[in-house]
Amino acid sequence: MENNDLYSVEAVENKNFTPKERAKKILLEFKDLLIGAAFPFMLMLILSASIISFVAYGGEDFGIKILILIVGEVMVYAAIFIFGKQNGATAFKKTLQNTKKRQVNSQDVSARLYVGEYAVYKGILIPLIACVPFIIFQFVQAVAPNDVCKFVLSYALGWAYFPFRIAELSDWLNFLWLIPFTGVHLGAYIWGGKVEKKKLEQLAAADEAKDKKKKK
């Protein structure tokens with residue numbers, strides 16, 4: 001395999017896995033996705049509880065509520081961008097590591113099953129998994145309003161609950177916030193992969209240049 005092939009990031013197609021291997025791959029991939037979604041989820045909770053929740057205490061001053069909300073939202077999206085970029089870079093490095101292991105016929109399970117490798121769809125799944133608690137509580141609240149869901153949404157998931165809520169719009173509209181949240185992570189994930197690819201290519205080129213100098 002040529003050196004350039006090491007840096008090609010392609011979707012894993014039919015690798016002729018046995019049913020047992022395919023089940024193992026699904027389990028390991030899901031675990032990897034959960035790890036990728038863990039930090040965005042925690043930051044979502046922390047920022048919602050520490051900053052955005054103060055929207056509920058804004059009293060009648062609508063301007064203060066908007067200011068608090070804007071600051072909180074900027075921080076949430078900045079965090080998801082940072083973690084999205086890191087997720088993309090990590091996945092690309094994993095792809096390269098696994099490719100090298102497969103070249104030497106390594107028996108490493110992750111390498112053999114292509115686990116944790118870069119794939120654009122993961123840039124979408126990771127943020128959606130992080131948003132599962134919001135989706136559940138918001139759906140229940142929209143169907144059957146109750147104090148428990150309102151409390152959780154207000155003090156733990158306010159980044160997606162308050163923007164339309166303070167304008168007294170339908171709770172169903174809150175699901176629209178999944179689109180920019182997922183989009184920001186996806187864009188950062190793709191960018192992170194491209195940045196990592198360029199960095200590794202530069203390192204490979206530098207190493208190749210050093211080898212040529214030594215041979216002269």
Side-chain angles (χ1 to χ4, degrees), residues 1-17 21-22 24-44 46-47 73-132 134-135 159-160 177-210:
M1 180 179 289
E2 296 181 0
N3 187 58
N4 288 337
D5 291 336
L6 292 176
Y7 300 96
S8 63
V9 181
E10 300 176 352
V12 179
E13 298 177 355
N14 182 15
K15 297 300 178 180
N16 296 319
F17 296 135
E21 287 177 329
R22 196 170 295 279
K24 181 72 172 178
K25 174 178 172 60
I26 291 173
L27 179 62
L28 291 177
E29 287 284 20
F30 182 66
K31 180 180 178 181
D32 186 70
L33 289 172
L34 285 178
I35 292 173
F39 283 109
F41 176 68
M42 287 190 288
L43 260 296
M44 183 194 308
I46 292 171
L47 292 173
E73 293 293 331
V74 168
M75 295 183 72
V76 168
Y77 282 97
I80 194 62
F81 181 85
I82 291 171
F83 283 113
K85 184 173 181 290
Q86 183 58 43
N87 284 336
T90 300
F92 191 90
K93 284 190 287 188
K94 184 71 172 179
T95 300
L96 182 59
Q97 292 170 359
N98 284 354
T99 298
K100 290 180 176 179
K101 289 179 180 180
R102 286 191 290 270
Q103 287 180 341
V104 296
N105 296 317
S106 170
Q107 294 304 304
D108 181 79
V109 175
S110 293
R112 286 195 300 107
L113 299 180
Y114 297 77
V115 174
E117 299 191 10
Y118 182 97
V120 173
Y121 75 86
K122 293 180 180 180
I124 298 174
L125 285 182
I126 290 173
L128 288 180
I129 290 174
C131 290
V132 167
F134 163 73
I135 294 172
W159 69 273
W177 287 102
L178 295 174
I179 298 175
F181 189 82
T182 301
V184 168
H185 183 276
L186 174 60
Y189 182 91
I190 294 173
W191 186 40
K194 289 183 177 180
V195 169
E196 188 63 25
K197 177 182 178 181
K198 185 176 181 180
K199 182 172 71 175
L200 293 174
E201 286 177 336
Q202 290 174 339
L203 289 174
D207 289 339
E208 186 177 348
K210 288 180 181 178

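Just so we're clear, the structure is a prediction, and the values are computed from it rather than from any experiment.
- From Thr95, atom OG1 reaches atom NZ of Lys197 across 11.5 Å, with rounding to the nearest 0.5 Å.
- Atom CG of Leu186 sits about 13.0 Å away from atom CD1 of Ile179, to the nearest 0.5 Å.
- Between Asn98 atom CG and Asp108 atom CG the span is 6.5 Å, to the nearest 0.5 Å.
- Under the salt bridge (Lys or Arg N to Asp or Glu O under 4.0 Å) test applied with Glu117, the options Arg112, Lys25, Arg102 reduce to a single match, Arg102.
- Relative ring orientation between Tyr77 and Phe181 is described as perpendicular, the plane-to-plane angle rising above 60° on a 0-90° scale split at 30° and 60°.
- No side-chain donor-acceptor contact under 3.5 Å links Tyr114 to the backbone of Thr99.
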Take Thr90 and Tyr189 through the side chain to side chain contact (heavy atoms under 4.5 Å, CB included) test and state the conclusion after the steps.
CA-CA 9 Å; Thr90 300; Tyr189 182 91; over 6 Å; no
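- Using a 4.5 Å heavy-atom cutoff, the side chains of Glu73 and Trp159 are in contact.
- Atoms CD and NZ, from Gln103 and Lys100 in turn, are 8.5 Å apart once rounded to the nearest 0.5 Å.
- Pro40 and Ala130 get closest at one heavy-atom pair: CB-CB, 4.4 Å.
- Taking a cutoff of 4.0 Å between a charged side-chain nitrogen and a carboxylate oxygen, Glu196 and Lys199 qualify as a salt bridge.
- A distance-only check finds no donor-acceptor pair linking the side chain of Asp32 to the backbone of Leu28 [under 3.5 Å].
- Within 6.0 Å of CZ on Phe39 lie no more than 12 heavy atoms contributed by other residues, nucleotides or ligands.
- With rounding to the nearest 0.5 angstrom, the NZ atom of Lys194 is 7.0 Å from the OH atom of Tyr118.
- Using a 4.5 Å heavy-atom threshold, the side chains of Ile126 and Phe83 count as separate.
- Of all heavy-atom pairs spanning Glu29 and Val115, the tightest one is OE2-CA, 3.6 Å.
- Looking at every heavy atom in both residues, His185 comes nearest to Pro127 through ND1-CD, 3.4 Å.
- Between Leu178 and Phe134, some side-chain heavy-atom pair lies under the 4.5 Å cut-off.
- For the atom pair CD1 (Ile35) and CG (Asn87), the distance works out to 10.5 Å, reported to the nearest 0.5 Å.
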Hey, mind stepping through Ser110 and Lys101 against side chain to side chain contact (heavy atoms under 4.5 Å, CB included) and telling me if it holds?
CA-CA 10 Å; Ser110 293; Lys101 289 179 180 180; over 6 Å; no
